[in-house]
Amino acid sequence: MTGQDGERSELQQGSERSEFPYTAHVENTAHEIVDRFAEQLDAGEETGVVVSVAGRLMLRRVQGKLAFGTLADHTGRIQLFAPAQSTPEFEAFCALSLGDWVQVSGIVMKTKRGELSVRVDGWTLLAQSRRSFPDKWHGITDPDTRYRQRYVDLWVTEEARRAFTLRSQIVSAIRRWMEDRGYLEVETPVLHPIPGGALARPFATHHNALDQELFLRIAPELYLKRLVVGGFPKVFEIGRVFRNEGMSVRHNPEFTMLECYEAYGDYRVHIELTEQLVAHLATSLLGTTEVSYGGRPLSLAAPWRRAPLAELLSEQIGVEVDVRTPVAELRRLCDQHDTPWKDHYGSGKLLLELYEKIVEPTLWEPTFVTDYPKEVSPLSRVHREDELLTERFEGIVAGRELCNGFSELCDPDDQRERFEDQARQNAGGDDEAMVVDDDYLRALDYGLPPTVGLGIGIDRLVMLLTDSANIRDVVLFPTLRPEQAAGSD
RNA sequence: GCCCCUGUGGCGCAGUUGGUUAGCGCAGCGGACUUUUAAUCCGAGGGUCGUGGGUUCGAGUCCCACCGGGGGCACCA
């Protein structure tokens, strides 16, 4: 391609490029005008109300001595009505390109056919679009183009605008809700000397001045608990975390997590917090807790079902199993159910693998799965009724993990042992296992009170509430392969 | 990493069992039109069919490789 990749001809590029204004007078929005006048005016009626709007010209219908246009702004669309005899520089107005930014002022009126319009009594070209906009009827159908050129997608794909607006509202509502309950929002480091707080492979980077290896965080967990040690009893953070793992419709290498910690509470406190928060978001933003996901109904109303992991698994496979079931028997069950295992897996890990394979995808209605094996929960406090389990829960909705929380492990000695156990697995080839974080252990030495913690994947939550099947539909600029050099695509 | 699908002018598509100058709609260009709603009508342009090989008298169409994109599996949230 020789640079004519959708660019307009020279003729079209306009001679007054240098005359684009530095500001624009905008007092109204498309939505506001429709809201105010759509019901009131009769076809052919004119008001004396002068409005001033700005946006992109999305459609144009020139008819000799009369032109119509469709102007889009961030709130919606409104028709422009431009008669030759009253429109300043009518010829130039008709020559506008689709996608051009214009400011228009004029009276509000309805055409003979009853379409609410702004008469173009004055207009200014604010910026040109030198590349043509996508097909006005089909929009962008290639998903790759939608993700790469989100700046165009947002104009053309109504669904995209809706999803990202809702995402913003969700995050904002979460903040308000947490703050209303006495949680303090904090910011902890993204660059970690030791990656921790989750089981995942990190991205590595390097600080030149310190000549030190650093990792992009895989979770803020350990820093937030340091803050509870530091005397903030209720903290939360909404932030980006990074995991160097595969990408899929449900996984983007960087994603947003809400994590919160509360002193003096146990895991039951955050189970309730989760179901109430999600129900609140659904009610306040969607108007109902009865939603549908992928065409299938789903009730987010609290309370959600609670069930211990081993119980759910036993029920599903028809064999009584728990964390005390011998490894050999669980391996047999894994083989039977097409679930791969490794030699170093204990009963707890085998149980988890079986559960994730067999049970999790079947949990459609919101369910809190509780009492995870200690073996697979290196940061969770031991269950008060069973030393091989922990007081941990995951919230499963539509067959997917939405959140993960637990009574926090406070005992520095126990934590050290769990770290060391993880480190052994790490050395043994499991590059997702944790390593010992001595500073975190030092913090625990000063005393962490009884505490509960919770992490919610915001992207997954937004997917759920916007009925999106692909995480890329709720991430503005998802991670993609680098675009091929222009010329071959 | 493995498997399946896909790649035609700026955009959306059609291209019949491989057969003569690769079509259509939108956009863009020229023209007509004072109530359109993807406006309509007339006219003239624009593509070495992802790239590179191969089979064939002849390939957008068949074969191979590579590149891009999508979906599924595996790993994870």
Side-chain angles (χ1 to χ4, degrees), chain A residues 1 3-12 43-44 58-70 77-87 90 94-95 97-99 109-117 119 129-149 152 156 198-201 218-219 241-259 338-340 353 356-357 360 394-396 400-404 430-432 455-461 463 469-472 480-485 487-489:
Chain A
M1 239 136 281
Q4 51 180 339
D5 175 35
E7 291 174 27
R8 298 175 186 285
S9 69
E10 299 224 2
L11 264 178
Q12 262 220 295
M58 301 305 283
L59 292 171
R60 185 188 43 193
R61 300 173 288 282
V62 178
Q63 222 169 108
K65 295 281 188 347
L66 179 64
F68 299 89
T70 300
R77 295 184 171 201
I78 183 92
Q79 174 165 279
L80 304 177
F81 178 83
Q85 61 180 58
S86 67
T87 303
F90 180 75
C94 294
S97 295
L98 300 187
M109 49 153 306
K110 258 190 188 176
T111 60
K112 283 180 191 167
R113 293 285 181 87
E115 180 76 18
L116 185 70
S117 309
R119 192 176 69 198
S129 174
R130 52 194 293 194
R131 291 174 185 264
S132 42
F133 258 59
D135 190 288
K136 63 189 176 191
W137 184 242
H138 297 97
I140 311 178
T141 49
D142 177 18
D144 186 61
T145 307
R146 291 192 47 213
Y147 303 142
R148 286 192 199 281
Q149 301 184 229
V152 179
V156 172
L199 303 172
R201 268 183 292 171
I218 55 174
V241 299
F242 307 85
R243 299 189 183 176
N244 206 343
E245 286 163 351
M247 291 158 58
S248 78
V249 291
R250 272 168 249 127
H251 302 87
N252 196 56
E254 50 179 305
F255 62 101
T256 302
M257 283 254 286
L258 162 70
E259 281 205 13
D338 218 19
T339 304
E353 293 294 317
E356 284 182 347
K357 172 83 178 184
E360 194 172 279
E394 288 193 358
I396 311 299
R400 295 174 187 172
E401 180 185 339
L402 178 71
C403 69
N404 181 19
D430 183 353
D431 49 9
E432 286 175 3
I456 298 182
I458 296 296
D459 310 81
R460 297 256 174 107
L461 178 62
M463 285 172 73
N470 194 325
I471 193 168
R472 288 172 168 179
L480 301 169
R481 280 202 178 75
E483 208 166 352
Q484 260 203 322
S488 42
D489 64 337

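Keep in mind that this is a model prediction, so the values were computed, not measured. Numbers restart at 1 for each chain; the letters A, B, ... are given by sequence-line order, proteins then strands.
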Calculate the interatomic distance between [X] atom [atom1] and [N] atom [atom2]; express it in whole Å.
{"X": "A/Gln79", "N": "B/rA38", "atom1": "CD", "atom2": "P", "answer": "11 Å"}
{"X": "A/Leu66", "N": "B/rU40", "atom1": "CG", "atom2": "P", "answer": "16 Å"}
{"X": "A/Leu80", "N": "B/rA39", "atom1": "CG", "atom2": "P", "answer": "13 Å"}
{"X": "A/Arg61", "N": "B/rC26", "atom1": "CZ", "atom2": "P", "answer": "15 Å"}
{"X": "A/Leu98", "N": "B/rA38", "atom1": "CG", "atom2": "P", "answer": "14 Å"}
{"X": "A/Arg77", "N": "B/rA38", "atom1": "CZ", "atom2": "C1'", "answer": "11 Å"}
{"X": "A/Arg146", "N": "B/rG12", "atom1": "CZ", "atom2": "P", "answer": "13 Å"}
{"X": "A/Lys65", "N": "B/rC33", "atom1": "NZ", "atom2": "C1'", "answer": "9 Å"}

[atom1] atom, [N] versus [M]: distance in rounded Å?
{"N": "B/rU56", "M": "B/rC63", "atom1": "C1'", "result": "12 Å"}
{"N": "B/rG9", "M": "B/rA65", "atom1": "P", "result": "25 Å"}
{"N": "B/rG60", "M": "B/rG50", "atom1": "P", "result": "10 Å"}
{"N": "B/rC13", "M": "B/rU51", "atom1": "C1'", "result": "23 Å"}
{"N": "B/rU61", "M": "B/rU16", "atom1": "P", "result": "11 Å"}
{"N": "B/rG19", "M": "B/rG12", "atom1": "P", "result": "26 Å"}
{"N": "B/rC62", "M": "B/rC24", "atom1": "P", "result": "24 Å"}
{"N": "B/rA27", "M": "B/rA39", "atom1": "C1'", "result": "15 Å"}

Tell me the closest heavy-atom pair linking [X] and [Y], and the distance in Å.
{"X": "A/Phe90", "Y": "A/Lys65", "answer": "CZ-C, 3.8 Å"}
{"X": "A/Val249", "Y": "A/Met463", "answer": "O-CE, 3.9 Å"}
{"X": "A/Met257", "Y": "A/Val241", "answer": "CG-CG2, 3.7 Å"}
{"X": "A/Ser248", "Y": "A/Ile471", "answer": "O-CG2, 3.8 Å"}

Just compare B/rC33, B/rU37, B/rG68 and give me whichever is closest to any side-chain atom of A/Arg148.
->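 Closest of the options to the side chain of A/Arg148: B/rG68.
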
Select base, sugar-phosphate, or nothing to describe what [X] touches, counting heavy atoms under 4.0 Å on all strands.
{"X": "A/Glu115", "result": "base"}
{"X": "A/Leu59", "result": "sugar-phosphate"}
{"X": "A/Arg60", "result": "sugar-phosphate"}

Are the side chain of [X] and the backbone N or O of [Y] linked by a donor-acceptor pair below 3.5 Å?
{"X": "A/Glu245", "Y": "A/Arg201", "answer": "yes"}
{"X": "A/Ser117", "Y": "A/Arg119", "answer": "no"}
{"X": "A/Arg243", "Y": "A/Ile218", "answer": "yes"}
{"X": "A/Asp459", "Y": "A/Thr256", "answer": "yes"}

Side-chain contact, heavy-atom cut-off 4.5 Å: [X] with [Y]?
{"X": "A/Phe81", "Y": "A/Thr87", "result": "no"}
{"X": "A/Gln79", "Y": "A/Thr111", "result": "yes"}
{"X": "A/Glu115", "Y": "A/Lys110", "result": "no"}

For RNA chain B, just give me the dot-bracket, please: Watson-Crick or G-U, both distances below 3.5 Å, ( ) intra-strand, [ ] crossing earlier pairs, | paired with another strand, . unpaired.
-> (((((((..((((.....[...))))..((((.......))))......(((((..]....))))))))))))....

Table of protein N/O atoms under 3.5 Å from nucleotides 71-74 of chain B N/O atoms:
{"from": "B/rG71", "atom 1": "OP1", "to": "A/Asn470", "atom 2": "ND2", "distance (Å)": "3.2"}

Which sits closer to the 5' end of RNA chain B, A/Glu353 or A/Gln85, going by the nucleotide each is nearest to?
->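 Upstream on the strand: A/Gln85.
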
